[in-house]
**Student:** 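Handing you this structure, nothing more for now.
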Protein chains: 2
Amino acid sequence: MHAALELVSSEANFSAISLRRIARQAGVVPTAFYRHFEDLDALGLTLIEDTFRSLRQILGDAALASMPLKGLVRYSVELFAHYVRDNRLLFQFVVKERFAGTVAMREAIHNEIVLLTNALAADLARFDEFSHISQDDLRVISDLVVNTVITLSERILDVDPDNAEDDALMLRAEKQLRLIFMGVGRWESRSA
Amino acid sequence: MHAALELVSSEANFSAISLRRIARQAGVVPTAFYRHFEDLDALGLTLIEDTFRSLRQILGDAALASMPLKGLVRYSVELFAHYVRDNRLLFQFVVKERFAGTVAMREAIHNEIVLLTNALAADLARFDEFSHISQDDLRVISDLVVNTVITLSERILDVDPDNAEDDALMLRAEKQLRLIFMGVGRWESRSA
DNA sequence: CATGAATGTGAACACGTGTACACTTTAGGC
DNA sequence: GCCTAAAGTGTACACGTGTTCACATTCATG
């Protein structure tokens, strides 16, 4: 698995690397691959699963819902950015395969993102600031927030690790999220 | 070029299809490929160029800056969505290669998006509603808007063409953009 | 209509690919 | 310390790959 991640990180994407190259990178003979996965698709799906399993755990442990809304934006952006940096290869893989992968992979990633969006909507619902927002609109807003955070991680992965210009990226994302939350204050859900 | 687009649309992505398969799809012998492009990279870059050239033209012709801000959101979302649907294969290609493509391709796409963002920022600056926003913040806002529209097109491409549930997607994107613009009303640029 | 450029052809090359199969090595629980 | 399941090995096959080169065809324009 790690060999595959390394190759995908330095090459274009998963479909561009072969079973034999992965095996070579892992220091193992090609046929040994089959001892662990039925085929390349299975490997890819496992990598995606792993990524989101641990991401869900991080986000769950953080218990964001019990924080004051003030400062939550900065905190969660930093938490997320930290996690992305710590799992660079894994996230690079997911970002690349989100649109370029197999249908199975794309669906898996999509489903996980939907789950994250739902979780965020549920968290936001607990804040007074969102009490005037309808259920549907809560999901629309969460969707926008999730997309903004995804874009942030794509960008963090695009600059090289020790460049440290991530700060500018994070500040921009924070600004955008604050802007969104400002809009929420004036928002009126027709069917609230 | 069209043969390549068809294959990429039905397969995973560009790096997964071979020169020989493109030639076969085009009804031509493999070596004939070299009469038109130096290699596959050149083909890919040309496709990206073409996509954005015509997109820039559409957006330029629309002269959005001369419209009232009211109704502009709905109009531009519809214009954009229409264009994406009319150039489904082209956009599918760009979306897939945005992160999974060659470095050259990725850079080309990235640069084009930056151009679009700058153009939007310049357009927004003409509206009274944005007169209290600093130059930098204008770019941050435009960035958020562009990302939201990109996400919309990714989703339009994900549902099959004659499904006609695009409307729901467009409504969501419109809501999100209106939310952003609501935030702008309360936004205060510190260095305005 | 002729001529020259643009486009398409076919054979050949060296090499990378996924996977099957029988075999050997490694490691952990009784 | 043995023995069994897991992991790794080496060989072999049929096939797809990019690119080369000399040759054939098409087509526009003088």
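Reminder, nothing fancy here: chain letters follow the sequence lines and each chain counts from 1. Below, each value reflects all heavy atoms present in this structure, side chains not excepted, and no hydrogens, waters or symmetry copies.
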**Student:** Thinking salt bridges, do A:Asp143 and B:Arg155 make one under a 4.0 Å N-O criterion?
**Tutor:** yes
**Student:** Taking the nucleotide of DNA chain D with the nearest heavy atom to each, does A:Val28 or B:Ser18 sit closer to the 5' end?
**Tutor:** A:Val28
**Student:** Hey, does the side-chain of B:Thr31 have a donor or acceptor N/O within less than 3.5 Å of a partner on the base of C:dG10?
**Tutor:** yes
**Student:** Rounded to the nearest Å, what distance is computed from the CD1 atom of residue A:Ile22 to the P atom of nucleotide C:dT17?
**Tutor:** 11 Å
**Student:** In whole Å, I'd like the distance from the CD atom of A:Glu38 to the P atom of C:dA20.
**Tutor:** 10 Å
**Student:** To the nearest Å, give me how far apart CZ (B:Arg35) and P (D:dT26) are.
**Tutor:** 15 Å
**Student:** Answer with yes or no whether A:Arg20 presents, from its side chain, a donor or acceptor under 3.5 Å of a partner atom in the base of C:dG16.
**Tutor:** no
**Student:** State, to 0.1 Å, how close A:Asp160 and A:Arg88 come at their nearest heavy-atom pair, and which atoms those are.
**Tutor:** C-NH2, 4.2 Å
**Student:** Please give, in whole Å, the distance from C:dT9 C1' to B:Phe33 CZ?
**Tutor:** 17 Å
**Student:** Ignoring hydrogens and angles, tell me if any N or O in the side chain of B:Arg106 forms a donor-acceptor pair with the backbone of B:Gly101 under 3.5 Å.
**Tutor:** yes
**Student:** Let's test your reading of the model: under 3.5 Å, does the base of C:dG16 pair with the side chain of A:Arg21 as donor and acceptor?
**Tutor:** no
**Student:** Rounded off to whole Å, could you give me the OH-to-C1' distance for the A:Tyr34 and D:dG10 pair?
**Tutor:** 15 Å
**Student:** Take atom CZ of B:Phe37 and atom P of C:dG8, then tell me their distance rounded to the nearest Å.
**Tutor:** 11 Å
**Student:** Using OP1 and OP2 only, check whether a side-chain N or O of A:His36 sits under 4.0 Å from D:dA6.
**Tutor:** no
**Student:** Can you measure A:Leu19 atom CG to D:dG8 atom P for me and round it to whole angstrom units?
**Tutor:** 13 Å
**Student:** When you measure from the side-chain N and O atoms of B:Arg24 to the phosphate of D:dT17, is any distance below 4.0 Å, counting only OP1 and OP2?
**Tutor:** yes
**Student:** Between C1' on C:dT19 and CG on A:Leu40, what's the gap in Å once rounded to a whole number?
**Tutor:** 12 Å
**Student:** Does the ring centre of B:Phe99 sit less than 6.0 Å away from the ring centre of A:Phe99?
**Tutor:** no
**Student:** Is the side chain of A:Ser18 donor-acceptor paired with the backbone N or O of A:Arg21 at a distance under 3.5 Å, no angle test?
**Tutor:** yes
